[in-house]
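Single-structure report; data block below.
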There are 2 protein chains.
Amino acid sequence: MPQVERHVTKFNDFLLQQGLKPTSERTALIREIFSTHYHFDADELLFKMKQNEVKISRATVYRTLELLVKSGLVRRVHLGEDHYHYEHVSGDSHHDHLVCTVCGAVIEFHDEELERRQREICEKKKFTPTFHNLQILGVCDACRRKGQLPDAPDRVRMIHATKLRR
Amino acid sequence: MPQVERHVTKFNDFLLQQGLKPTSERTALIREIFSTHYHFDADELLFKMKQNEVKISRATVYRTLELLVKSGLVRRVHLGEDHYHYEHVSGDSHHDHLVCTVCGAVIEFHDEELERRQREICEKKKFTPTFHNLQILGVCDACRRKGQLPDAPDRVRMIHATKLRR
DNA sequence: CGGCAACTGAGACTCAGTCTCAACCGCAAA
DNA sequence: TTTGCGGTTGAGACTGAGTCTCAGTTGCCG
Ligand SMILES: [Mn+2]
Ligand SMILES: [Mn+2]
Ligand SMILES: [Zn+2]
Ligand SMILES: [Zn+2]
């Protein structure tokens, strides 16, 4: 998929324009991110890189993620867990998330009625919104069919790909 | 306000019924929580206790908060920061939060239309919701009037009462 | 060639939260 | 009254995610 390369190019442009350098580590990271993941966390990414070939330090992973966010190619999101996740920024815009607490699946949605209603609420409260953050936790269709039960709602623990701890 | 004592009693009942003990530490904590705070975090509470008279360890604060959550008197919530907050559970039920990223004010709201729309979305996606989590970040009326600008939306840092670091 | 700015990995550090452990009640049976 | 025994506590070790520092590396430009 040449999509990946388009992202590499866009990131390189961003870097150059900032006086920064398109290093092999940065390129490897963005390639990994845009060829596979969609919602992922830093540790997952670090693990994937280790799996591949490339040895990249935690520091560089975090530093590159920060750059990717600044460049607008990637967004940092909360998914109801106690660490951050990241997602691709597709041309389309804001969306919220349904998160399955059994299998970890993430379903995106954008609903204009919901957005509109939020704006109304803010107006009523004389509140100037800049940003919002909605996760609906529950059980996805597949897991429900299998009769899986969700975890306790206030102690959600999502299932991730196995990770290599430091 | 005898409200506080009603909560103390309810918590004691819960403890006894669980074979646990209404110790002075636990009572002091619940008194502090229900006489002052509404949304607060563990560190804030620890600090307040220090300010008062009582010396209570961090471990006990966290342990007691867990018990309070189990007892149903207190709820653990996300407010868009990277640590938990807690709030009183008033007889009324679920609500969401507007959080001012300038002054840290928290405005609660419950909107049935919003809730209904979320249920509709889940239905459409064949998703069984158990819980959701919505924070709208922005600037409250007071701060807007003062012309305060919000922080970058993805790096929110709320203002808290000064805290005594460990 | 030398300088210089950006870059990197290792690992120290932070912060919130959890866990362990030894000392400490307070009550009830012996 | 002594002993035993759960439950409780504080100190501090530990964890996990994330940040920061620093010394060594790289690549470019004069
Ligand atoms: Mn998403
Ligand atoms: Mn609230
Ligand atoms: Zn699922
Ligand atoms: Zn405000």
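Here is how names work: the chains are called A, B, and so on, in the same order as the sequence lines, proteins then strands, and each is numbered from 1. Keep in mind that the numbers below use all heavy atoms, side chains included, and drop hydrogens, waters and symmetry copies.
Across the protein-nucleic acid pair, A:I56 atom CD1 and C:dG11 atom P stand 18 Å apart, rounded to whole Å. The distance between atom CE of A:M49 and atom P of C:dT8, rounded to the nearest whole Å, is 12 Å. The interatomic distance linking B:E44 (CD) with C:dC15 (P) rounds to 16 Å, in whole Å. One interatomic measurement links the two molecules: CG of A:L67 to P of D:dT19, which rounds to 13 Å at whole-angstrom precision. A:E81 places its CD atom 10 Å from the P atom of D:dG18, with the value rounded to the nearest Å. The distance between atom CZ of A:R76 and atom P of D:dA17, rounded to the nearest whole Å, is 14 Å. Protein atom CG of B:L65 is 13 Å distant from nucleotide atom C1' of C:dA16, rounded to whole Å. One can place CZ of A:F47 at 16 Å from P of D:dG16, the figure rounded to the nearest angstrom.
Using a 30° and 60° split on the angle between ring planes, A:H7 and A:H88 fall in the tilted class, from 30° to 60°. The aromatic rings of A:F11 and A:F14 lie parallel to each other, with less than 30° between the two planes, well short of the 60° mark.
You'll find that the side chain of A:Y62 is closest to D:dA17, out of C:dG17, D:dG10, D:dA17. The side chain of B:T60 lies closest to D:dT9 when the candidates are D:dT9, C:dT18, C:dG9.
With A:H110 contributing its side chain and A:H94 its backbone, the two residues share a donor-acceptor pair below 3.5 Å. Proximity of a side-chain donor or acceptor of B:T36 to a complementary backbone N or O of B:I33 within less than 3.5 Å is not detected. Side chain of B:D41 to backbone of B:D43: a donor-acceptor contact under 3.5 angstrom is found. Judged by distance alone, the side chain of A:T9 and the main-chain N or O of A:E5 form a donor-acceptor pair under 3.5 Å.
A salt bridge between B:R76 and B:E87 is absent, with no side-chain N of the basic residue lying under 4.0 Å from a carboxylate O of the acidic one. Salt-bridge formation is detected for the pair A:D141/A:R144: a Lys NZ or Arg NE/NH1/NH2 atom is positioned less than 4.0 Å from an Asp or Glu carboxylate oxygen.
Proximity of residues 13-27 of chain B to DNA chain D (heavy atom under 4.0 angstrom from any strand atom) is restricted to B:G19, B:L20, B:K21, B:T23, B:E25, B:R26.
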Restricting both atoms to N or O, compile the protein contacts to nucleotides 20-22 of chain D shorter than 3.5 Å, with distance only.
none

Show which side-chain atoms of residues 119-126 of chain B pair as donor or acceptor with protein atoms under 3.5 Å away, not counting sequence neighbours.
residue : atom : partner : partner atom : Å
B:R119  : NH2  : B:E112  : OE2          : 3.0
B:E120  : OE1  : B:R117  : NH1          : 2.5
B:E120  : OE2  : B:R116  : NH1          : 2.5

